[in-house]
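Following: one structure in structure tokens, then a few remarks.
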Amino acid sequence: MRDATLTVHHPKVDDREFASLAPGVERASTIVFDSAAAYATRGQRDLDSYSYGMHGTPTQRVLEAQLTALEGGAKTVVLPSGQAAIAVVFLSVLKPGDHVLVAETAYPPVAGLCRNFLDTLGIVWSTYPPGTGAAIADHIRPETRLIWTESPGSTTMEIEDIPAIVKVAKAKGIYTGIDNTWATPLLFKPLAHGVDFSMQALTKYPGGHSDILMGSVSVSDPDLRKGLRDVMRMLGFHTAPDAISLVLRGLETMAVRLAHAGRVATDLAFAIDSAHPVEVLTPVLPDSPGHVLWKRDFIGASGLFSVVLPEAWESRLDAALDALEVFAIGASWGGTRSLIAPMSVAAHRVTSEPRNSRIILRLSIGLEDPKDLKADLDRFFGILAEA
Ligand SMILES: *Cc1c(COP(=O)(O)O)cnc(C)c1O
């Protein structure tokens with residue numbers, strides 16, 4: 001062969017004794033076939049196989065299998081973001097005329113998806129208030145096909161009674177799905193409670209370093225995986241192997257990071273609760289409305305909780321945020337750096353709960369020395385409390 005040909009033909013090398021602990025990063029658009037017949041029948045390959053880079057490479061299969069094991073499921077799909085994972089669940093089961101019941105406390109862009117996109121397809125949606133439990137039955141319509149939950153709820157941290165919701169849904173043949181990003185499958189396993197779709201934003205704890213976006217959905221029923229993969233194929237969703245390899249690396253340390261963040265967040269939540277006239281929102285506090293259910297269903301705390309300030313402090317909030325030295329100001333979470341994000345949830349809530357119209361500070365605890373975090377927060381609350 002001549003030089004130009006040699007530049008594009010990668011020689012086969014001996015890899016028999018190559019055994020790395022790190023999964024390979026295998027990139028592909030084209031997949032080649034060893035015969036005309038194999039090419040002609042590529043559409044019959046099963047969903048764990050390979051036919052085009054869009055549908056995954058071995059790098060992606062490793063992550064899918066690892067998440068499946070953690071979730072205790074049968075199959076997992078990987079998507080370019082957490083929001084994409086939610087959208088694909090919705091589109092895989094909802095048809096025009098169907099109704100989806102969404103937790104009022106769901107990640108806010110979910111309402112955006114319903115309002116701006118599903119609405120135009122003739123898919124109807126409504127919300128149910130936090131803490132509904134078995135009373136979810138009162139919100140179900142004859143057309144309800146999917147109940148979408150999130151527990152704890154975004155920013156305000158309400159715990160849902162997932163077993164009670166699943167029981168009602170199953171009796172009526174309605175699918176259930178959960179955004180399990182706060183807990184990850186290390187702290188709560190939705191599929192073990194009968195939830196049909198267990199979704200997480202891998203962007204948060206699994207990625208763990210604030211440098212990638214990704215989502216996943218795990219299911220116990222392989223047919224549901226087929227529905228998800230059909231939508232992904234139609235819409236052309238692809239997740240880059242390079243980003244997947246970062247999640248595979250992040251996963252290796254997730255148990256240690258999450259345990260640390262959960263312990264430090266719990267200590268700080270108790271300390272803030274006892275030292276300041278604020279409302280601390282986390283199921284970890286014994287007097288929290290979700291504490292009993294959280295104790296029953298979850299095996300621990302993650303590193304995310306929220307704080308509602310007294311109204312009189314709000315005018316000094318910007319100055320206090322600007323004075324932070326260890327916490328960074330920013331949304332997203334689950335990385336190595338501790339973050340504070342002032343959130344306002346009023347636009348997304350139907351239920352009239354006084355705190356919903358207030359500024360809610362969401363704290364994500366990272367891996368800094370807890371003493372530095374405590375000192376930063378002491379300074380922060382000191383500025384807020386200045387008369
Ligand atoms: C971040 C987040 C998402 C969305 O994940 P992206 O990867 O940023 O799209 C969904 N749900 C929850 C609870 C989140 O925190």
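Whatever order the structure lists ligands and atoms in, that order sets their numbers, starting from 1. Just so it is clear, the structure is predicted and the values come from calculations on it, not from any experiment.
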Item to complete: Let me see the working for Lys75 and Glu64 under salt bridge (Lys or Arg N to Asp or Glu O under 4.0 Å), right down to the final yes or no.
Response: CA-CA 7 Å; Lys75 295 292 176 191; Glu64 290 167 358; over 6 Å; no

Residue pairs meeting side chain to side chain donor-acceptor pair (under 3.5 Å), one or both in residues 159-173, sequence neighbours left out, come to Asp161-Arg296

In Leu146, Ile123, Asp98, the residue satisfying side chain to side chain contact (heavy atoms under 4.5 Å, CB included) with Phe90 is Leu146

field: Within the 6.0 Å centroid threshold, strictly below: Trp182 and Phe188
entry: no

Which pairs of donor and acceptor atoms, one on a side chain in residues 246-255, lie under 3.5 Å apart (sequence neighbours left out)?
residue: Thr253; atom: OG1; partner: Gly250; partner atom: O; Å: 3.2
residue: Thr253; atom: OG1; partner: Arg257; partner atom: NE; Å: 3.0

Please set out all donor-acceptor pairs under 3.5 angstrom arising from side-chain atoms of residues 230-241, sequence neighbours excluded.
residue: Asp230; atom: OD1; partner: Arg233; partner atom: NH1; Å: 3.0
residue: Asp230; atom: OD1; partner: Arg233; partner atom: NH2; Å: 3.4
residue: Asp230; atom: OD2; partner: Lys226; partner atom: NZ; Å: 3.0

For ligand 1, run through the N/O pairs with the protein that fall under 3.5 Å and put one pair on each line.
residue: ligand 1; atom: 7 (O); partner: Gly82; partner atom: N; Å: 2.7
residue: ligand 1; atom: 7 (O); partner: Thr203; partner atom: OG1; Å: 2.5
residue: ligand 1; atom: 9 (O); partner: Gly82; partner atom: N; Å: 3.2
residue: ligand 1; atom: 9 (O); partner: Gln83; partner atom: N; Å: 2.9
residue: ligand 1; atom: 11 (N); partner: Asp179; partner atom: OD2; Å: 2.5
residue: ligand 1; atom: 15 (O); partner: Lys204; partner atom: NZ; Å: 2.5
residue: ligand 1; atom: 15 (O); partner: Trp333; partner atom: NE1; Å: 3.2

